[in-house]
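Chain identifiers are assigned alphabetically (A, B, ...) following the order of the sequence lines, protein sequences preceding nucleic acid strands; residue numbering begins at 1 within each chain.
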2 protein chains.
Amino acid sequence: MNFFQEKAVTSSDKTFFQLREEIVEGHISAGSKLSEVELSTKYEVSRAVVREAINRLEACNIVERKANVGARVVTLTSDGLLELYQIREALEGMAARLAAQNMPDAEINQLSSLLEGQQDEVKQRNVYYQEAGDLDFHYRIIVGSQNQQLITMLSNGIYHLARMYRVQLGMTGPRVTTAYDEHIHIVRAIANRDGELAEILMRRHIQYSKNNIAVKLSNMK
Amino acid sequence: MNFFQEKAVTSSDKTFFQLREEIVEGHISAGSKLSEVELSTKYEVSRAVVREAINRLEACNIVERKANVGARVVTLTSDGLLELYQIREALEGMAARLAAQNMPDAEINQLSSLLEGQQDEVKQRNVYYQEAGDLDFHYRIIVGSQNQQLITMLSNGIYHLARMYRVQLGMTGPRVTTAYDEHIHIVRAIANRDGELAEILMRRHIQYSKNNIAVKLSNMK
DNA sequence: AATAACAAGATTGTCGACAATTTATTTGTT
DNA sequence: AACAAATAAATTGTCGACAATCTTGTTATT
């Protein structure tokens, strides 16, 4: 599930991961208040480690904090979704461009064959692809950019927030086949070392998936 | 100086700002270790607030921390510079595109007249422009994007790291006039509501300034 | 002499308690 | 009854102390 394996060495790490998961998966609902004492009893750690975890979540834009008042889980809005996907478009577009420059041939081949392997599943509309496969695809390209700061930004911060939107809007299953085709074309551009095209295609790909979510979100309201 | 005024309400805020400034301005040298006890005596606060400040600096990519070992100020490398400017190119390019969409006419006019006011100074190569004027220009466009997450990302994190490179490589003064012309063209594109062009021009503008710094950096080595 | 095991020192991680601030409740006045 | 001020409760911010971990220096063994 976690492609970028993060191992919790410290107690604060563990609390951070747990808390993040509960929020992203919706077990702690969006907009709710995060009481430090409450959480410290729940996770059986001191308030200090809870504070540190909350601070880290704030840096990820998953919670908002006001001095002397407290922290709240962010609320999911259509504006926020739009903003997030504009950022993803810019950063992942750049990642695709850089991957076309920097990604080793071996990794490109792996990615190619990964997609080929998914082809059968996709054609019979297996749900697996959308969740894990799509993620794996994006993550490999991000890593392929070989821009460490970009990798950190996307996989530590933006990714989890994006997932929070997807999970809590119940995005599972749809748009599988078209997304698959888009993936194919992106990889082809990267394999051809055409950064310009890779970026354009990735940006379109993200625009499409944004529209897909935005529709769902407006339906729910 | 600080366009985005941040006011320190808590003691931890103040320490964070002080520490960040000392690092960015080079009074605490790049790559040096940040001892919690040392800093807590220096700033006359408890270790807890120093820890919190360091955590925030870590989120800004200004320091790196290893569990049970400690935090170090990041080292400035040509790779790091390249990575940073790739990110700036992506994000500020997007900001320019969004500004062309969303920036109110009044703000565009203000920006326009701001540039006109700078024209005279620039022609006699006044140093003022490069530092404050360039910053003001970029910041106004970022705000004009009206993407709150983008604004936060750029002005809280990336901006300070970029400044750290500029300050510590002694980038003051050069490239004034050409940068000024680039600014003019970008604003024109925004005024014409041509997001496509605004993004392209902004990206070029950032590429140029990256090259400018990269040359300096390779000369120093 | 080189390496490994061990011990001493220093640094970070975690905790509970107190201080400062905010929020909720009560009291008092018109 | 409505509003304001004062008070009480709860929450966050800060602190110093202890525990766990890493680093350094020493000793012992081959």
Side-chain angles (χ1 to χ4, degrees), chain A residues 5-23 27-75 152 156, chain B residues 5-23 27-75 152 156:
Chain A
Q5 66 278 5
E6 312 164 292
K7 50 189 166 191
V9 29
T10 172
S11 168
S12 185
D13 292 339
K14 216 188 314 181
T15 307
F16 169 60
F17 294 145
Q18 288 178 351
L19 200 49
R20 185 180 64 190
E21 180 164 346
E22 287 213 59
I23 292 172
H27 304 128
I28 296 177
S29 59
S32 64
K33 179 148 197 297
L34 295 178
S35 162
E36 293 183 359
V37 289
E38 188 183 329
L39 292 173
S40 72
T41 58
K42 177 177 178 182
Y43 293 119
E44 296 179 326
V45 290
S46 87
R47 261 186 62 219
V49 325
V50 171
R51 273 182 73 82
E52 195 163 320
I54 290 178
N55 279 332
R56 286 211 247 170
L57 288 171
E58 188 190 12
C60 301
N61 294 313
I62 288 178
V63 315
E64 289 168 345
R65 148 170 281 175
K66 259 189 259 183
N68 290 314
V69 173
R72 303 193 84 87
V73 179
V74 295
T75 58
T152 303
N156 279 0
Chain B
Q5 65 276 8
E6 313 164 290
K7 51 189 164 190
V9 29
T10 173
S11 168
S12 185
D13 291 339
K14 214 187 318 179
T15 307
F16 170 60
F17 293 146
Q18 288 180 351
L19 201 49
R20 184 180 64 188
E21 180 164 348
E22 288 214 59
I23 292 173
H27 304 128
I28 296 176
S29 58
S32 64
K33 178 149 199 294
L34 295 177
S35 162
E36 294 182 0
V37 290
E38 189 183 330
L39 292 172
S40 71
T41 58
K42 176 177 178 182
Y43 293 119
E44 295 177 328
V45 290
S46 86
R47 260 187 62 218
V49 325
V50 171
R51 272 182 74 81
E52 195 164 318
I54 290 178
N55 280 332
R56 287 210 247 170
L57 288 170
E58 188 189 11
C60 302
N61 293 313
I62 288 179
V63 315
E64 289 169 345
R65 149 170 280 176
K66 261 189 257 182
N68 290 314
V69 173
R72 305 192 81 88
V73 178
V74 294
T75 57
T152 303
N156 278 0

Roughly how many Å is it from [atom1] in [X] to [atom2] in [N], rounded to a whole number?
X: F16(B); N: dG13(D); atom1: CZ; atom2: C1'; result: 17 Å
X: L39(B); N: dT12(C); atom1: CG; atom2: P; result: 9 Å
X: Y43(B); N: dC15(D); atom1: OH; atom2: P; result: 15 Å
X: E44(B); N: dC15(D); atom1: CD; atom2: P; result: 11 Å
X: E52(B); N: dT12(C); atom1: CD; atom2: P; result: 17 Å
X: R72(A); N: dT22(C); atom1: CZ; atom2: P; result: 17 Å
X: E36(A); N: dT14(D); atom1: CD; atom2: P; result: 11 Å
X: K14(B); N: dA20(C); atom1: NZ; atom2: P; result: 14 Å

So does [X] get a side-chain nitrogen or oxygen closer than 4.0 Å to the phosphate oxygens (OP1/OP2) of [N]?
X: K33(A); N: dT22(C); answer: no
X: T10(B); N: dT12(D); answer: no
X: R51(B); N: dG13(C); answer: yes
X: S11(B); N: dG13(D); answer: no
X: S46(B); N: dT14(D); answer: no

Salt bridge (Lys or Arg N to Asp or Glu O under 4.0 Å) evaluation trace for K14(A) with E44(A) = CA-CA 12 Å; K14(A) 216 188 314 181; E44(A) 296 179 326; over 6 Å; no
Taking the nucleotide of DNA chain D with the closest heavy atom to each, which residue, A48(A) or G70(A), is nearer the 5' end?
-> G70(A)
DNA chain D: 5'-proximal contact among R65(A) and A67(B) (nearest heavy atom) = R65(A)
Are the charged groups of K7(A) and D13(A) less than 4.0 angstrom apart, N to O?
-> no
Between E38(A) and K33(A), is the closest basic N to carboxylate O distance under 4.0 Å?
-> no
Closest approach of S12(A) to V49(A) (non-hydrogen atoms, all atoms of both residues) | OG-O, 3.8 Å
At under 4.0 Å between heavy atoms, what does I54(A) touch on the DNA or RNA strands: base, sugar-phosphate, or nothing?
-> nothing
Return the 5'-most residue of the pair R47(A), L34(B) with respect to DNA chain C, ranking by each residue's nearest nucleotide.
-> L34(B)
Judged by atom type as modelled, is there a donor-acceptor pair below 3.5 Å linking the side chain of R72(A) to the main-chain atoms of G31(A)?
-> yes
